[in-house]
Amino acid sequence: LLFFIWWLFSKDPIEDRTSEPWGYFNFHALWEGIVFSLDQPWFQWIDRQVVKFRPTYIENRAYIGLVSLLVGIFLFFRGLSPKKRWLEFETPQGPFLRSAFWASSVLLVFALGLPFTINGLEFLLDYAGPIRQFRSVGRFAWIFYYVVNIVVFTWLYEQLQDKSWRYYVWIPAILLLFAEAYYSATSYDLRLDTTQELHAGKNFKDLPGINYEDFQAILTVPYYNIGSDQFWWEPEGFILQQSLTMSIQTGLPVTSAMLTRSSRSQTLK
């Protein structure tokens, strides 16, 4: 955190960037996005037939997988026994894996936005100093996703390697992992929309009667400006797509702006 503060304030030539960027209360992880995923058919069935899940968006999700979820629940209750440790490893990497798991668990708490995302405690964020700059803390849950899967599959391998029935667990676990990867990868329609101005003869420079050298800039109607977190006019319809396409094809700058974390002075310019 000390390095982050130094890095943030010692090298940035822009002095009027907002200290309270928008997004902290929107882009934190949700526990539903960690342990459930509506990309998977079994959770879709539960959502339709049993209980409705709270909707999550891309910044809220870091689904750990059903194998890690089930093994994690087992390890939790197993660890309640005074005769068992939470995580036991025979490998020399055991101490590292335990440390990585607990460190990633702390980051998961941070990714959930706690305690600031608890109803009634949102005001505490005003006193959090540079932590407010982490406008998308949900991304820290990605670390937990990786670590918990490495820990779980390492533990499964170690615990069962001398058991005669080990393949009855290992093979279904790997198959379930691949199945969930398949459903996750195929649940989104990633086909691109057709943009007519990118086709031959439809280019903006192909429009008859216009000499783009006669113009200084592209003025959009309606105007849009997003990025500084203090000026906020959403682009309407296809004005963003059309104006940026025209800018690329003609070389003219756009007076509207779709920026990222711009300062007030940069935005006004």
Side-chain angles (χ1 to χ4, degrees), residues 1-8 24 27-37 39-40 56 58-118 124 128-131 133-181 184-185:
L1 183 59
L2 290 175
F3 170 77
F4 175 76
I5 295 172
W6 170 81
W7 183 45
L8 185 67
Y24 192 95
F27 300 145
H28 60 85
L30 294 174
W31 69 269
E32 294 95 333
I34 305 298
V35 300
F36 304 130
S37 173
D39 297 339
Q40 311 302 325
T56 60
I58 188 65
E59 298 280 5
N60 311 135
R61 302 172 189 152
Y63 174 54
I64 63 175
L66 199 55
V67 176
S68 290
L69 177 61
L70 295 176
V71 174
I73 293 173
F74 170 78
L75 289 175
F76 174 79
F77 285 104
R78 180 177 180 267
L80 296 178
S81 170
K83 298 180 181 179
K84 299 289 186 180
R85 295 186 63 182
W86 287 98
L87 288 171
E88 292 183 277
F89 294 99
E90 298 175 3
T91 175
Q93 286 76 33
F96 166 75
L97 291 172
R98 280 193 295 271
S99 298
F101 174 76
W102 292 116
S104 68
S105 298
V106 172
L107 283 176
L108 177 61
V109 173
F110 184 63
L112 291 167
L114 300 175
F116 312 111
T117 52
I118 298 175
L124 291 176
I131 289 179
Q133 289 291 327
F134 291 101
R135 59 183 291 272
S136 184
V137 291
R139 300 174 188 181
F140 285 92
W142 300 347
I143 301 172
F144 179 78
Y145 156 78
Y146 284 111
V147 170
V148 74
N149 275 279
I150 292 171
V151 166
V152 161
F153 278 90
T154 302
W155 184 86
L156 274 178
Y157 173 76
E158 279 201 355
Q159 294 296 312
L160 302 181
Q161 60 180 330
D162 57 349
K163 303 291 194 297
S164 60
W165 44 270
R166 57 189 179 275
Y167 293 106
Y168 293 106
V169 177
W170 288 349
I171 292 177
I174 294 296
L175 290 177
L176 181 56
L177 187 69
F178 274 90
E180 291 200 307
S184 178

Could you check whether Phe134 and Phe4 have their ring centres less than 6.0 Å apart? yes
Are Val67 and Ile174 close enough, and set up right, to give a side chain to side chain contact (heavy atoms under 4.5 Å, CB included), and what steps lead you there? CA-CA 9 Å; Val67 176; Ile174 294 296; over 6 Å; no
Can you tell me how far CD1 of Ile171 sits from CG of Leu176, rounded to the nearest 0.5 angstrom? 13.5 Å
Donor-acceptor contact present, side-chain Asn149 to main-chain Ile64, <3.5 Å: yes
Go through it in stages, so that I can follow the logic: the residues are Val71 and Phe153, the test is side chain to side chain contact (heavy atoms under 4.5 Å, CB included), and I'd like the CA-CA distance, side-chain angles, deciding distance and then a yes or no. CA-CA 9 Å; Val71 174; Phe153 278 90; over 6 Å; no
For Val137 versus His28, what's the shortest heavy-atom pair and its separation? CG2-CB, 3.6 Å
Measure the OG1-CZ distance between Thr154 and Phe96 for me, rounded to the nearest 0.5 Å. 10.0 Å
Between Glu180 and Tyr63, does a side-chain hydrogen bond (donor to acceptor under 3.5 Å, both in side chains) hold up when you go through it step by step? CA-CA 10 Å; Glu180 291 200 307; Tyr63 174 54; 2.5 Å; yes
Donor-acceptor pair, side chain of Arg61 and main chain of Thr56, under 3.5 angstrom: yes
Going by the rule side-chain hydrogen bond (donor to acceptor under 3.5 Å, both in side chains), which residues pair with Tyr145 if we only count those two or more places apart in sequence or in a different chain? none
Under 4.5 Å between any side-chain heavy atoms of Gln159 and Glu90, yes or no? no
Show me the side-chain donor-acceptor pairs of residues 97-111 shorter than 3.5 Å, one per line, residues at least two apart or across chains.
residue: Arg98; atom: NH1; partner: Leu87; partner atom: O; Å: 3.2
residue: Ser99; atom: OG; partner: Pro95; partner atom: O; Å: 2.9
residue: Ser104; atom: OG; partner: Ala100; partner atom: O; Å: 3.1
residue: Ser104; atom: OG; partner: Phe101; partner atom: O; Å: 2.8
residue: Ser105; atom: OG; partner: Phe101; partner atom: O; Å: 2.8

When rounded to the nearest 0.5 Å, the distance separating OG of Ser68 from CD1 of Ile73 is 11.0 Å
The side-chain hydrogen bond (donor to acceptor under 3.5 Å, both in side chains) partners of Gln133 (sequence neighbours excluded) come to Arg261
dist Asn60:CG -> Ile34:CD1 (nearest 0.5 Å) comes out at 9.0 Å
Closest contact, heavy atoms only, Ala128 versus Phe116: CB-CZ, 3.9 Å
Do the non-hydrogen side-chain atoms of Phe74 and Trp155 ever get within less than 4.5 Å of each other? yes
side-chain hydrogen bond (donor to acceptor under 3.5 Å, both in side chains) between Ser136 and Glu59, intermediate numbers included: CA-CA 7 Å; Ser136 184; Glu59 298 280 5; 2.8 Å; yes
Rounded to the nearest 0.5 angstrom, the CG-CD1 distance for Leu1 and Ile131 is 6.0 Å
Taking the side chain as everything from C-beta on, heavy atoms only, tell me whether Leu66 gets closer than 4.5 Å to Gln40. no
Spatial distance of atom CG (Leu112) from atom CZ (Phe140) [nearest 0.5 Å]: 12.5 Å
